[in-house]
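Down below is the structure, laid out as structure tokens.
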Amino acid sequence: MNQPFPEHFVWGSATASYQIEGGTTEGGRGASIWDTFCQIPGKVAGGDTGDVSCDHFHRFEEDIKMMKELGLQAYRFSLSWSRIQPDGTGEANAEGITFYNKIIDCLLAHGIEPWITLYHWDLPQGLEDRMGGWLDKSIIPIFGDYARICFEQFGDRVKNWITLNEPWCSAVLGYGLGVHAPGYADADMPYVVAHNLILSHAIAVKIYREESAHQQGRIGITNNCDWRIPLTDSEADRAAAQRSLEFFLGWFADPIWKGDYPAVMRERLGDRLPVFSADEREMLLGSSDFFGLNHYTTMLASEPDPDTKAEVNIAGNGGMAEDQDVHLSNDPDWVQTQMGWNIVPEGCRELLKWIDERYDQPEIYITENGCAVDEPDLESALHDVTRRDFFKDYLNECRHAITAGVDLRGYFAWSLMDNFEWSWGYERRFGIVRVDYETLERTPKLSAKWFSEVIETNGISM
Ligand code: PNW
């Protein structure tokens, strides 16, 4: 039986510039921190880089035709800042603008709505070198200048903007755990970087609203968050789960929807957590037209046992674990994806409800959801039943959330095609379309065909 989604629900899929484009030295593009990071031995599995990747830089027309065949209504992609401003500041690079103009025009010609992310982790290396990148407050107006160029050049046709993708990852993985570019492992840097990212988001939105109102588009931010289930029903474990969510999503969403960081972060971090001025709080509050959410997994949360306190689990997407003092664990019954992430569809419904309640019923878009599956050959990829079932079960929970009153407006599958999975290189495949990295041939998987039907019928058959 077909379980319908609301009318006008937006169906799309997502990618990011560094993960698919390749052509890293073409079209006047400058280096980004990910080009640099990939050169450091041991940082990326197999020594992989984004130099060629899916070669989308040369194959975007073919890729857009494929999106059309899949029936996508919307396509979320990010801009490579260093294609637009090769060293991060100054005049726009005409070739970079032309490249993205062609993509936008081609999408529109095929009836696909472009959703642009301004920043999906590939900071121009020039900014890292000259002023310390996200660690320095002066990045804020610099990001604003970049955003302005994008609005001026593309805003006549692009009506859906996302300032930042998952600033939690930039801060925690890039500066706390050192597993993403630029690769610092520090206890305090993540809070400084996050602060500058949040303010950069706000300045871009301010510029958009003040200077591009006539373009009549919408702008928001995308945050990522896992769900946390209390290990037991004890007061302490329930508090641990809540604290974990506030340190994860509240850190980035509270300043925008509530005007400041969560109280629990201030209590625990004191002056290690930077402070927003009154003007900044005002600029932040209400600075997102919608709530962009990337969601992948769920873990159990509990109050750490005093004897094992030193071993707070940081592996499972915890981040800044010592500061939160939350023990994370897995239910042994949970099946995991190739990333080691638990498949817990109900977690998606619960997280949506948590957001709905905490942030006063925002319009939510799931801007990423998906899973990596071990697919050693084409044959296995074409029968990606695990991925199809993952999507089906997660979407079914989305539907339940909508029935419960959550204002979920759209869903973007991560990812359109297999691509460069950051520190995992090409070893992890998230695509609904198979990419053969030898021939660069694209082949839609079973999950893509299934997703096409979902879009066509605006519902899932259960
Ligand atoms: C997201 N975590 O990354 C990104 O937006 C994508 O670029 C990426 O390919 C996708 O999810 C799959 O990984 C994340 O550790 C990376 O919690 C790490 C985490 C979450 C999201």
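Every number for a ligand or one of its atoms is a count from 1 in the order of the listing.
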Six-ring centre of F99, R83 cation under 6.0 angstrom, axis tolerance 45°: yes
Geometric class of the H195/Y261 ring pair [parallel <30°, tilted 30-60°, perpendicular >60°]: tilted
L173: numbered ligand 1 atoms lying under 4.0 Å from its heavy atoms: 18 (C)
Options H295, H180, E166, ranked by nearest heavy atom to atom 21 (C) of ligand 1, top entry: E166
N224: numbered ligand 1 atoms lying under 4.0 Å from its heavy atoms: 20 (C)
For E368, all residues meeting side chain to side chain donor-acceptor pair (under 3.5 Å), sequence neighbours excluded: R76, N294, Y296
Heavy-atom gap W121 to ligand 1 smaller than 4.0 Å: yes
Over 12 foreign heavy atoms within 6.0 Å of CH2, W334: yes
For H120, the ligand 1 atoms whose distance to one of its heavy atoms is below 4.0 Å: 4 (C), 5 (O), 6 (C), 7 (O)
E368, portion touching ligand 1 at heavy-atom distance under 4.0 Å: side chain
Working for side chain to side chain donor-acceptor pair (under 3.5 Å), residues S32 and S82: CA-CA 6 Å; S32 80; S82 62; 5.2 Å; no
Atom indices of ligand 1, in the order listed, that fall short of 4.0 Å to a heavy atom of N165: 5 (O)
Contact atoms of ligand 1, heavy-atom distance to C169 under 4.0 Å: 14 (C), 16 (C), 18 (C), 19 (C), 20 (C), 21 (C)
Location of contacts on S415 toward ligand 1, heavy atoms closer than 4.0 Å: neither
Check ion pair R409-E363 (N to O, under 4.0 angstrom): yes
Salt-bridge criterion met for R228 and E246 (N-O under 4.0 Å): no
Location of contacts on W341 toward ligand 1, heavy atoms closer than 4.0 Å: side chain
